[in-house]
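Contents: one structure, followed by commentary.
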2 protein chains.
Amino acid sequence: MVLDCLSDPIRLAIVYQLAQQERVSSELCCGDFTGLAGKSNLAYHFAKLRECGLMLTRVAGTNRFVRLRREDLDARFPGLLDAVISSAAKDADRLQLLGEFEETAAGGS
Amino acid sequence: MVLDCLSDPIRLAIVYQLAQQERVSSELCCGDFTGLAGKSNLAYHFAKLRECGLMLTRVAGTNRFVRLRREDLDARFPGLLDAVISSAAKDADRLQLLGEFEETAAGGS
DNA sequence: TCCCTTGTTCAACGATTATTGAACTATTGA
DNA sequence: TCAATAGTTCAATAATCGTTGAACAAGGGA
């Protein structure tokens with residue numbers, strides 16, 4: 001289920017980053033998450049996130065761009081995604097993973 | 001974390017029942033959940049739910065009454081609980097556990 | 001006091017699940 | 001064509017988690 005998918009810290013961090021990215025562009029490249037885990041581990045988590053309908057992947061040459069299935073999620077689980085994201089933002093302090101990630105990939109706001 | 005706690009179907013069913021109960025009285029007895037799992041298994045899930053701050057227990061004689069920590073949860077994770085509950089209500093059809101439970105414990109609406 | 005009920009704790013088992021490295025596919029560019 | 005890059009898939013390991021039964025503690029009622 002979706003909750004089970006979101007209960008993993010790495011997947012939550014991925015979803016959180018994708019949600020942050022929604023303000024700017026809609027997509028991120030798979031390689032932008034290498035700060036969170038190894039390549040194959042990331043592919044594993046991406047597969048999980050795809051399976052439960054949280055995100056989808058667009059193939060573009062040798063890159064793959066991922067983004068949240070925002071509309072489907074809001075339709076099926078109203079308010080859930082926003083609640084999870086805002087809650088995750090609150091204790092983002094505890095997720096040093098995110099801190100490291102933002103330094104390397106987002107370059108600060 | 002709270003999401004990890006809610007990702008288990010039995011714990012979700014417990015939380016769902018507690019949320020339903022909020023309209024009537026605020027509490028339920030531990031023994032009211034025996035339709036969901038065995039005694040020791042329930043105690044295990046209750047402990048998990050207590051650990052992550054989802055519910056609390058009041059001892060009354062030989063019984064123990066449990067209820068949601070609604071205020072604390074709404075303060076710390078705004079909208080999360082309601083989103084989870086309403087989503088759980090949507091596909092309550094798939095949770096036959098709930099169906100069985102309502103028959104034996106709630107006796108219909 | 002004795003027994004029964006209620007619920008927790010403990011130890012053990014089984015089953016998922018996350019993580020890792022290596023092999024593989026596909027695309028780009030020289 | 002050859003090498004390099006981006007991701008996925010596979011197999012194996014490690015770790016976590018859920019489930020079960022038995023033993024235990026605490027109250028209530030006869």
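In what follows, every chain begins at residue 1, and chains take the letters A, B, ... in the order their sequences are listed.
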Per atom distances to the B:S40 side chain, the nearest of C:dT9, C:dT27, C:dT8 is C:dT9

Strictly below 4.0 Å, N to O, side chains only: are B:D82 and B:R70 in salt-bridge contact?
yes

CD1 of B:I10 versus P of C:dT16: gap in Å, rounded?
14 Å

Given A:L54, which of A:V2, A:V66, A:D72 fulfils the side-chain contact (heavy atoms from CB on, under 4.5 Å) condition?
A:V2

Salt bridge flag under 4.0 Å for residues A:D74 and A:R69:
no

Test A:L3 against every option in B:S7, B:S87, B:P9 by the side-chain contact (heavy atoms from CB on, under 4.5 Å) rule and name the one that passes.
B:S7

Would you mind reading off the distance between B:M55 atom CE and C:dG7 atom P, rounded to a whole angstrom?
11 Å

Under 4.0 Å, heavy atoms only, any strand: does B:G38 hit a base, just the sugar-phosphate, or nothing?
nothing

First of A:D4 and A:G61 reached from the 5' end of DNA chain C, by closest nucleotide
A:D4

Rounded to the nearest Å, what distance is computed from the CG atom of residue B:D8 to the C1' atom of nucleotide D:dT16?
13 Å

Does OP1 or OP2 of C:dT8 have a side-chain N or O of B:R50 closer than 4.0 Å?
yes

Write down the distance between CG (B:L49) and C1' (C:dT8), rounded to a whole number of angstrom.
15 Å

What's the closest nucleotide to the side chain of B:F46 if the choices are C:dG21, C:dT8, C:dT19?
C:dT8

Taking the side chain of B:T62 as its heavy atoms from C-beta onward, which of D:dG7, C:dT8, D:dG27 lies nearest to it?
D:dG27

To the side chain of A:C30, which of D:dC17, D:dG7, C:dG7 is closest?
D:dG7

Classify the nucleic acid contact of B:N63 as base, sugar-phosphate or nothing, counting any heavy atom under 4.0 Å across all strands shown.
sugar-phosphate

By nearest atom, which of the nucleotides C:dG7, D:dA6, D:dT9 is closest to the A:K39 side chain?
D:dA6

Counting side-chain heavy atoms from CB outward, which of C:dT28, D:dG18, D:dT8 is closest to B:H45?
D:dG18

Take the protein atom CG of A:L28 and the nucleotide atom C1' of D:dG7, then report the distance between them rounded to whole Å.
16 Å

Quickly work out the A:N41 CG to D:dA14 P distance and round it to whole Å.
16 Å

Nearest-Å distance for atom pair CZ/C1', residues B:R64 and C:dT8
7 Å

Could you state the NZ-P distance from B:K48 to C:dG7, rounded to the nearest angstrom?
21 Å

If you check the B:Y44 side chain, which of C:dT6, D:dG18, D:dT9 turns out closest?
D:dG18

Please test B:T57 against B:R50 for side chain to side chain donor-acceptor pair (under 3.5 Å), starting from the C-alpha separation and ending with a verdict.
CA-CA 8 Å; B:T57 300; B:R50 254 180 269 122; 3.0 Å; yes

